[in-house]
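These notes concern the structure reproduced below.
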Amino acid sequence: MGSFLAGWDGNPATAGAQADGRWLAGAWRGIVILLISGILMAPATAADPDKVIRDVFPVAETGFDPAAVHDLYSGTVVQGIFETLLTYDYLARPSKIAPLTAEALPEVADAGRSWTVRLKKGIYFASDPAFKGKKRELVADDYVFSLKRLIDPRIRSPWAFLVEGKFEGLDELAAEAKQTGRFDYDRRIPGVEAIDRYTLRFRLKNTDYNLPYVLAHEPTSAVAREVIEAYAGSDGRALSNPVGTGPYRLEQWVRSAKITLVANPDYRGFTWNFASADPADQPIIAEMKGKRMPQVGRVEISIIEEDQSRLLAFQNGELDLMNLEPPLAPNVLDGDRLKPALAQKGVRLSRIVDPEILYLYWNMQDPVVGGLAKEKIALRRAMAMAYSVDEDIKVLRNGQAIAANYPIPPGVVGHDPTWQSWIRYDPATANALLDKFGYRKGADGYRTLPDGKPLVVRYGSRPDTAARQQDELVKKSMDAIGVRYEIFKEKFPELLKLEKQCRLTSRVAAWIADYPDGDNFMQLLYGPNIYQSNSACAKIPEYDRLYEQSVRMPPGPGRDRLYKDMTRVLEAYAPWRLTISRYRNQLVQPRVMGYRKHPILHAHWHYVDVAPVAGGR
């Protein structure tokens, strides 16, 4: 057996805060380290309750059950409360897998079909009444339970695709649950097994060297069965009582308005000791190296949907971190740099191209735009050619994006920077295509369906400024080819709900990498992922066949060829119009130390430090 990614350097920071001899040197402000039953027990968290970081989300959260939530913002909070077996090194670029609750990276055997992971001892869940006054240690069975929840039919997890078809015996357990109405969590299966209190063994149906990425993704975080049974609703989801082993716990939640986290006193902590050869990281290392983490004792997250309101709050010093949405770029940036007025105040800019794609999709099950008939394909291709990505970048994004020509974005394994898409902005050809397939224009300039009935496409959108600007471009594009778009407004969580039920006809959606491998993007159109990650509700047999071949292959030229074939199928059937990948411009107040935007990790509060807020909270 060998260790996966054997290049890991053993750094305590990248190992999820391993105990070392320095912990016995009398540090941590005189706090005593206790040795109980031979287990090294870390002292209470170093977090200072007077150190408050104030963050902001541009849309509302949906809840905090790792198996149930599917949006970036809820997932960010999940990362702060719960822990996965593996994580990513904070400074390493490209992204590098590292242990978190695992003692080390997995041991791999049988050509990537057998994986063994050993947990660190002495990790505890945050105190909660569900534990009936007892201190609850994290054990291997917690991960077995948590992974099984992803495929429990009652929960209908949008992350089921992470485990379906992967682990020996797991799909069969789910199939039995669909028949009986009861998922047997106590049934031992060879695919996901606790072989002792601290050791997990995974047996895969096929070779899959991407498993570490799955084990580092927040839906696979450990939850305690007692907590789920105490707080889950009739659907098996526990959205409002998150209890994890991570650095923070939920103190207050005012839906769609405010989320407050406080440092978890049961968290073991770690020493900030990350390394980087990048000159830009050296100031971060100088100000953070050797600190006991987390330092921040309180995280206050506001939900502010309007762009101008967020920027005003940041400029007034009411926010410490803020992602700069493109409409505000002219107010803040000169090209890729901060305007002098902000830079002189000590505000910093952390800027990356997000490992993401945005796409305008059409529901392949919808009676108006869906299906595989030639006239339906022609309609979708025409709508795709009508949309100007250049105008999107220039007008909507103020230059803060790049064109997405390939379904795998830059920075992700499998990206092809040379790809030339068949789908290009060409409204003249789009109009000709619609004419050819019988979509005739009426006196009002709008087309009918080939059978003479009105052609109306319902488009879902958020009720905020950025979405309204997107609406205008979409409608302008479709008006140019005579396709009537009806725009309706819903809050972001409701749009996601409708999307997962295949009840949205069209929307501009985004997918940011859960893990930095092309599979995470190519699975977005795989038929069995309908009601999960397949927003277009597409079931294209040719695409599905190619995808099933690709998941059995390691990254490399062979898999890349399949991805190119799949991309041509995508362009031919046009369930999507790929649009852009955005620059992530994160504004950081001068009181924040150690911040660098990570391409995969989104919860950053336990990696940074702040000066106390003047005058308290």
Side-chain angles (χ1 to χ4, degrees), residues 3-18 20 22 46-47 53 55 76 79-80 83-102 104-105 212-213 215-218 246-248 267-296 299 320-321 323 336 347-356 409-413 512-517 583-610:
S3 178
F4 179 76
L5 295 179
W8 174 65
D9 58 10
N11 186 314
T14 63
Q18 286 183 325
D20 63 24
R22 291 174 298 170
I53 197 164
D55 212 334
T76 299
Q79 284 185 5
E83 290 185 295
T84 46
L85 285 162
L86 305 176
T87 187
Y88 293 87
D89 184 293
Y90 182 59
L91 290 185
R93 304 293 186 274
S95 300
K96 178 182 175 183
I97 289 282
L100 185 55
T101 63
L105 294 168
Y213 294 133
L215 302 181
H217 189 23
E218 69 264 12
Y248 294 98
Y267 179 60
R268 64 202 177 279
F270 64 95
T271 300
W272 204 106
N273 199 24
F274 298 95
S276 169
D278 187 340
D281 289 333
Q282 301 317 303
I284 293 174
I285 293 171
E287 66 188 2
M288 295 299 295
K289 189 176 179 65
K291 287 188 178 183
R292 184 69 183 160
M293 306 304 288
Q295 288 284 315
V296 173
V299 180
D320 298 307
L321 298 165
N323 179 49
D336 60 355
V347 173
R348 301 189 305 281
L349 175 67
S350 184
R351 176 179 167 89
I352 64 170
V353 175
D354 262 341
E356 68 159 5
V412 174
V413 176
I512 190 166
D514 302 313
Y515 48 88
D517 185 81
Y583 282 102
R584 177 75 57 165
N585 293 305
Q586 196 79 14
L587 300 181
V588 186
Q589 295 284 13
R591 64 184 292 266
V592 179
M593 296 170 276
Y595 181 85
R596 186 185 181 193
K597 180 71 185 79
H598 194 281
I600 304 298
L601 297 174
H602 306 298
H604 39 253
W605 313 297
H606 57 300
Y607 294 113
V608 303
D609 195 4
V610 295

For Asp336, which residues count as a side-chain contact (heavy atoms from CB on, under 4.5 Å) partner, sequence neighbours excluded?
Arg351
Does a side-chain heavy-atom distance below 4.5 Å link Val608 with Tyr90?
yes
Enter the distance from Trp272:CH2 to Ile284:CD1 here, rounded to the nearest 0.5 Å.
6.5 Å
Rounded to the nearest 0.5 Å, how far does CG of Leu100 lie from CG of Leu86?
8.0 Å
Partner set under salt bridge (Lys or Arg N to Asp or Glu O under 4.0 Å) for Asp354, not counting sequence neighbours:
Arg584
Test of understanding: with side-chain hydrogen bond (donor to acceptor under 3.5 Å, both in side chains), list the residues that count as partners of Tyr583, not counting sequence neighbours.
none
Minimum-distance pair of heavy atoms, taken over all atoms of Asp281 and Ser276
OD2-OG, 2.6 Å
Please identify each residue that fulfils side-chain contact (heavy atoms from CB on, under 4.5 Å) with Arg348, with sequence neighbours left out.
Val588, Val592
Nearest non-hydrogen partners of Ala216 and Ile97, listed with the distance
CB-CD1, 3.8 Å
Could you tell me which residues satisfy ring pair (Phe, Tyr, Trp, His ring centres under 6.0 Å) with His217, sequence neighbours excluded, listed by chain and number?
Trp159
Look up atom CD1 in Ile600 and atom CG in Asp514, then write down how far apart they are to the nearest 0.5 Å.
8.0 Å
Qualifying residue for side-chain contact (heavy atoms from CB on, under 4.5 Å) with Asn273, from Met288, Lys289, Met293:
Lys289
Donor-acceptor contact below 3.5 Å, side chain Arg93 vs main chain Leu91
yes
With sequence neighbours excluded, give me every salt bridge (charged side-chain N to carboxylate O under 4.0 Å, His left out) pair touching residues 597-606.
none
Which of parallel (below 30°), tilted (30 to 60°) and perpendicular (above 60°) describes Phe274 and Tyr607?
perpendicular
Residues passing the side-chain hydrogen bond (donor to acceptor under 3.5 Å, both in side chains) test with Asp517, sequence neighbours excluded, are Asn210, Arg559
Non-neighbouring partners of Pro94 that pass side-chain contact (heavy atoms from CB on, under 4.5 Å), sequence neighbours left out
none
Residue set satisfying side-chain hydrogen bond (donor to acceptor under 3.5 Å, both in side chains) with Glu356, at least two apart, ordered chain then number -> Arg582
Which heavy atom in Asp89 sits nearest to a heavy atom in Ala98, and how many Å separate them?
N-CB, 4.2 Å
Which residues pass the ring pair (Phe, Tyr, Trp, His ring centres under 6.0 Å) test with Tyr595, not counting sequence neighbours?
His604
Qualifying residues under salt bridge (Lys or Arg N to Asp or Glu O under 4.0 Å), relative to Asp609, sequence neighbours excluded
Lys51, Lys291
Heavy-atom nearest pair, Pro355 first then Pro599, reads CG-O, 3.2 Å
Measuring from Tyr267:OH to His606:NE2, what's the distance to the nearest 0.5 Å?
5.5 Å
Which heavy atom in Val296 sits nearest to a heavy atom in Val610, and how many Å separate them?
CG2-CG2, 4.1 Å
Would you call the rings of Trp605 and Tyr248 parallel, tilted or perpendicular if under 30° counts as parallel and over 60° as perpendicular?
perpendicular
List in chain and number order the residues that pass side-chain contact (heavy atoms from CB on, under 4.5 Å) with Gln79, two or more places apart in sequence or in another chain; answer none if no residue qualifies.
Glu218, Leu601, His602, Ala603
Looking only at non-hydrogen atoms, find the nearest pair between His598 and Ser95 and report the distance.
CE1-OG, 3.8 Å
Rounded to the nearest 0.5 angstrom, the CG-CD1 distance for Leu321 and Ile53 is 4.5 Å
